[in-house]
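Residue numbers begin at 1 in each chain, while the letters A, B, ... track the order of the sequences.
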Amino acid sequence: MPELPEVETVARDLVAARIAGRRVAETRVWWPRTLANSRPSSFDRALNGRQIVHIGRRGKYLVFSLADDLIMLAHLRMTGRLRLFEAWPNPPGHARLAWRLDDGRILAFSDARKFGRIWLLAADAPSPLDALGPEPMDNTFTADTLAQALRGRSLPIKPALLDQRIVAGLGNIYADEALWLARLHPLRRANSLSHDDCRLLRNAIRQVLRKALAGGGTSLGTGQGNFYGLQGQPGRNLPRLNVYRRTDQPCRRCHAPVRRMVLAQRSAHFCPCCQPEGKPGAVTPRSKPRR
DNA sequence: ACTTTACCCTGTAAGC
DNA sequence: TGCTTACAGGGTAAAG
């Protein structure tokens, strides 16, 4: 489940492999629904001969800036991968579409579960990126902007962190990890966080993402559903996870068993000891806050 | 306007 | 061993 650190890893892999600067010579599409807003014929027409000028990332989107103010976005969703081949993969296996570059290499978008999507957009056209909140590693993401984004939101903080409009790039793994680091219970109402809570959470998000990125992302196991970089390398961040998929294992801070609950259709992992749901003396809605 | 739920998908693992 | 079932979850659309 590629989140910000995994997508950033792939973006850097693409730059290191010198994909930027190349031109697209030919495209093939084996699963047309991967194309979110175009059809295989127009996709090929638009890309043929076009240069890839720059490769970056925004939230969980890979951003390919193309010549003539064209943008191509790729979202890996759950199992999307980018891979390099020397020739067209035959059979394509899980490859859903691929670009042949002018140097002969084949860049393939592979996706076992077919959730991944590719957009082709004019630079000035409406884009999925428009809806994204701040980049968590940018200076614009502060305790103040986080508090502002959570204002008036009564949903639990866990699903709030998964809302890409509040902050871009978090998924289930790093949302759980950030809440653990900030000692916040996943069920805490978003608008109940104090300014101090927001500062802790903002710093926790950045620390968790920074360390995951340094480890090349998180790979949970092996096989098709796992994360791999462009060269097929798994991430090395798994040993650094404190709660995610550590149900019943001891919390690394207090040794209480990590708990799992289902929240907004997703698993949430937390330490019931380090991340208390209510503050002492203010558990019931009717109890008066002490001043 | 906000919040919750259903849906898309299939590899993997658990259960019988 | 082989089959069936549950589970994983990012994002969108529809429902509440």
**Q.** Approximate separation, where rounding is to 0.5 Å, of Arg183(A) CZ and Arg253(A) CZ
**A.** 4.0 Å

Q | Distance in angstrom units between Ile166(A) CD1 and dA1(B) P, rounded | A | 16 Å

**Q.** Any Arg153(A) side-chain N or O less than 4.0 Å from OP1/OP2 of dT3(B)
**A.** yes

Q: Would you kindly give the CG-to-P distance between Asp163(A) and dC2(B), to the nearest whole Å?
A: 10 Å

Q. For Arg117(A) and dG11(C), what is the distance between atoms CZ and C1' respectively, to the nearest whole Å?
A. 10 Å

**Q.** Among dG11(C), dG11(B), dC9(B), the nucleotide that comes nearest once only the side chain of Arg113(A) is considered
**A.** dC9(B)

(Q) Over all strands shown, is Ser267(A) touching base, sugar-phosphate only, or nothing at heavy-atom distances under 4.0 angstrom? (A) sugar-phosphate

Q: Starting from C1' on dT5(B), measure out to CG on Leu162(A) and report it in whole angstrom.
A: 15 Å

**Q.** Pairwise distance OH(Tyr174(A)) to CG(Asn237(A)) - rounded to 0.5 angstrom
**A.** 5.0 Å

Q) Arg96(A) near the nucleic acid: base, sugar-phosphate alone, or nothing, with a heavy-atom cut-off under 4.0 Å? A) nothing

Q: Look at the side-chain N and O atoms of His94(A) and state whether any lies under 4.0 Å from the OP1 or OP2 oxygen of dG11(B).
A: yes

Q.
Heavy atoms from C-beta onward define the side chain here; which of dT5(B), dT3(B), dC9(B) lies closest to that of Arg33(A)?
A. dC9(B)

Q | Worked check of salt bridge (charged side-chain N to carboxylate O under 4.0 Å, His left out) between Asp163(A) and Arg153(A) | A | CA-CA 11 Å; Asp163(A) 186 338; Arg153(A) 305 296 300 266; 3.5 Å; yes

Q: Counting heavy atoms from C-beta on, name the nucleotide in dC2(B), dC9(B), dG11(C) closest to the side chain of Ser154(A).
A: dC2(B)

Q: Provide, to the nearest angstrom, the distance between the CH2 atom belonging to Trp31(A) and the P atom belonging to dC9(B).
A: 6 Å

Q | Separation of dC2(B) C1' from Arg189(A) CZ (nearest whole Å) | A | 12 Å

Q. Is the Trp88(A) ring parallel, tilted or perpendicular to the Trp30(A) ring (thresholds 30°, 60°)?
A. perpendicular

Q.
Among dA8(C), dT12(C), dT4(B), which nucleotide has an atom closest to any side-chain atom of Tyr61(A)?
A. dT12(C)

(Q) So Arg260(A), base contact, sugar-phosphate only, or nothing? Heavy-atom distance under 4.0 Å. (A) sugar-phosphate

Q: Grab the CG-C1' distance between Leu76(A) and dC9(B) for me, whole Å please.
A: 16 Å

Q. Rounded to the Å, how far apart are Leu155(A) CG and dG16(C) P?
A. 20 Å

Q. Taking for each residue the nucleotide of DNA chain C with the nearest heavy atom, is it Pro128(A) or Met78(A) whose nucleotide lies nearer the 5' end?
A. Met78(A)

Q. So which nucleotide from dT5(B), dT4(B), dG11(C) ends up closest to the side chain of Gln265(A)?
A. dT5(B)

Q. Would you say Lys114(A) reaches dT10(B)'s phosphate, i.e. side-chain N/O to OP1/OP2 under 4.0 Å?
A. yes

Q) Looking at Trp180(A), is Arg246(A) sitting on its ring face, NZ or CZ under 6.0 Å from the six-membered ring centre and within 45 degrees of the normal? A) no

